[in-house]
Amino acid sequence: MAVGRRPLLIAYRALGLGDFLTGLPALRGLARAFPRHRRVLAAPLALAPLAALTDAVELVTGTRALEPLPRELHDADLAVNLHGRGPESHRVLLNARPRRLIAFASRETGVDGPAWRAREHEVARWCRLLQSAGIPADPDDLALPPPAVNAPPAAVGATLLHPGAASAARRWPIERWVSVAAAEWAAGRRVVVTGNAEERRGAAAVAAGAALPATVLLAGETTLIELAAAVAAAARVVCGDTGVAHLATALGTPSLLLFGPTAPAEWGPPLRRREHRVLWAGRRGDPHAKEPDHGLLAITTERVLAELESMSAGRR
């Protein structure tokens, strides 16, 4: 299908913030390989302001996971499944009748492609998919420019704490976040606490428990692009295995990341980027569990505070 006399390329990744950012090198590989195509990302519409920073995506169409694609995305010249290994996600694209599909092999749908590898790093996985189709993609191509919006003033030069995560398994206990917030404040370092609207209650408990002023609480008060601006303006970020961790990597903000059931070798920052530190107990678990992972709980408050002090000493 041609849109405005240009062939249409659909990149399908109808997932969240971290998924979008780990797929960024693949999206840029597609942009370089198909500069004359109209490149559309089928993903949640909330990601559009960040996608606009990439120079890889021209349009984001609001797409929910595994729901049929809108009619205007049918009959594309090329569709690329950056969502999963199928068969459900493959069928979403096959039903839209693209002229060509790039995807991992799926016996159920008859799609030919490279084999899925368990425990492969998420960034490398999608670059390998493209490389198998003769499309170069650089796993290090993760950077985003700072958004052209003003960061919340409280975030400038602050330690940004993001206690929330999509699943309880990846949420470090609130009382430990309180201890970290209080210690950072007592050390004379500014603190802000971020999160989305659903995470505001936990973020408020952190700020209140540490007896911090109301101005530090940004959770539920920022759009996604404003959150990105806050991360870019912060001195450092402390969070779990969540989308904000990938924002810190993309924006070059030093970070301390607390990993629980999932290994950082699969979802963590590049090892050679030493401004990003990872704590992990070496234990795997269920990332969708309804209780904090035992490995995550093995990361003590004292260990986090020691790492933060080491990071501060390094900056000095």
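When reading the values below, keep in mind they use all heavy atoms of this one structure, side chains included, and skip hydrogens, waters and symmetry mates.
- Linking ILVMFWY side-chain heavy atoms closer than 4.5 Å, directly or via other members, places V206 and L212 in a single hydrophobic cluster.
- Summarising the local packing, CG of D138 is surrounded by more than 12 heavy atoms from other residues, nucleotides or ligands at distances under 6.0 Å.
- When the side chains of ILVMFWY residues are joined at heavy-atom separations under 4.5 Å, either directly or via intervening members, L47 and V231 end up in a single hydrophobic cluster.
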### Task
Any chance you could lay out the side chain to side chain contact (heavy atoms under 4.5 Å, CB included) test for R277 and L256, step after step, and finish with the verdict?
CA-CA 5 Å; R277 302 191 184 191; L256 178 60; 3.9 Å; yes

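- With D77 as the fixed residue, the side-chain hydrogen bond (donor to acceptor under 3.5 Å, both in side chains) test singles out one of R100, R99, R38: R99.
- Rounding to the nearest 0.5 Å places CZ of R171 at 14.0 Å from SG of C239.
- A donor-acceptor contact closer than 3.5 angstrom is absent between the side chains of R170 and T262.
- Side-chain contact between L142 and P270 is present, with at least one heavy-atom pair separated by less than 4.5 Å.
- Inter-residue side-chain proximity for L27 and T54 is flagged as unmet; no heavy-atom pair is nearer than 4.5 Å.
- For E199 (side chain) and N196 (main-chain N/O), a donor-acceptor pair under 3.5 Å exists by modelled atom type.
- The side chain to side chain contact (heavy atoms under 4.5 Å, CB included) with L161 is formed by just one residue from the set V178, V244, V191; it is V191.
- A continuous path of hydrophobic side-chain contacts links L24 to L224 [ILVMFWY only; heavy atoms under 4.5 Å].
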### Task
Could you please spell out the steps behind the side chain to side chain contact (heavy atoms under 4.5 Å, CB included) verdict for L257 and D241?
CA-CA 7 Å; L257 310 178; D241 172 19; over 6 Å; no

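- In this structure, W126 and V80 have side chains that are not in contact, with every pair of non-hydrogen atoms separated by 4.5 Å or more.
- Note on I102 and L69: separate hydrophobic clusters, where clusters join Ile, Leu, Val, Met, Phe, Trp and Tyr whose side-chain heavy atoms are under 4.5 Å apart, directly or indirectly.
- Environment of CZ in R303: sparse, with no more than 12 heavy atoms of neighbouring residues, nucleotides or ligands closer than 6.0 Å.
- E175 CD: more than 12 foreign heavy atoms inside a 6.0 Å radius.
- Two residues are said to be in side-chain contact when any heavy atoms from C-beta on lie closer than 4.5 Å; L305 and V180 meet this criterion.
- Under the 4.5 Å side-chain heavy-atom criterion for Ile, Leu, Val, Met, Phe, Trp and Tyr, L53 and L17 are members of the same hydrophobic cluster.
- Atoms NE2 and CZ, from H294 and R283 in turn, are 8.5 Å apart once rounded to the nearest 0.5 Å.
- In this structure, the separation between CD on E184 and CG on L160 is 11.5 Å, given to the nearest 0.5 Å.
- The distance from the CG atom of L218 to the OG1 atom of T215 is 8.5 Å, given to the nearest 0.5 Å.
- In this structure, R201 places its CZ atom where only 12 or fewer heavy-atom neighbours from other residues, nucleotides or ligands lie under 6.0 Å away.
- One side chain, R13 or T22, offers a donor N or O that lies under 3.5 Å from an acceptor on the other.
- In this structure, V216 and R190 have side chains that are not in contact, with every pair of non-hydrogen atoms separated by 4.5 Å or more.
- One side chain, H162 or T194, offers a donor N or O that lies under 3.5 Å from an acceptor on the other.
- Atom CZ of F104 and atom CZ of R125 lie 6.5 Å apart (nearest 0.5 Å).
- Of the charged side-chain nitrogens involved, at least one lies within less than 4.0 Å of a carboxylate oxygen, so that R200 and E221 count as a salt-bridged pair.
- Relative orientation of the H83 and Y12 rings is parallel, given thresholds of 30° and 60° on the angle between their planes.
- Using a 4.0 Å cut-off between charged nitrogen and carboxylate oxygen, R91 and E88 do not count as a salt-bridge pair.
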### Query
Under the side chain to side chain contact (heavy atoms under 4.5 Å, CB included) criterion, do N81 and L129 qualify, and how do the steps go?
CA-CA 9 Å; N81 189 351; L129 173 64; 5.6 Å; no

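- Taking 4.5 Å as the limit, every side-chain heavy atom of L41 sits out of range of all side-chain heavy atoms of L82.
- At least one side-chain heavy atom of W177 sits under 4.5 Å from a side-chain heavy atom of L258.
- Pairing each heavy atom of L8 with each of L73, the nearest pair is CD2-CA, 4.1 Å.
- Using a 4.5 Å heavy-atom threshold, the side chains of V193 and P163 count as touching.
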### Query
Going through the distances and angles, do F259 and D293 end up as a side chain to side chain contact (heavy atoms under 4.5 Å, CB included)?
CA-CA 9 Å; F259 270 72; D293 179 73; over 6 Å; no

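- For R85, the CZ atom sits in a loose shell: 12 or fewer heavy atoms of surrounding residues, nucleotides or ligands are nearer than 6.0 Å.
- The neighbour count for D55 CG, taken as heavy atoms of other residues, nucleotides or ligands under 6.0 Å away, does not exceed 12.
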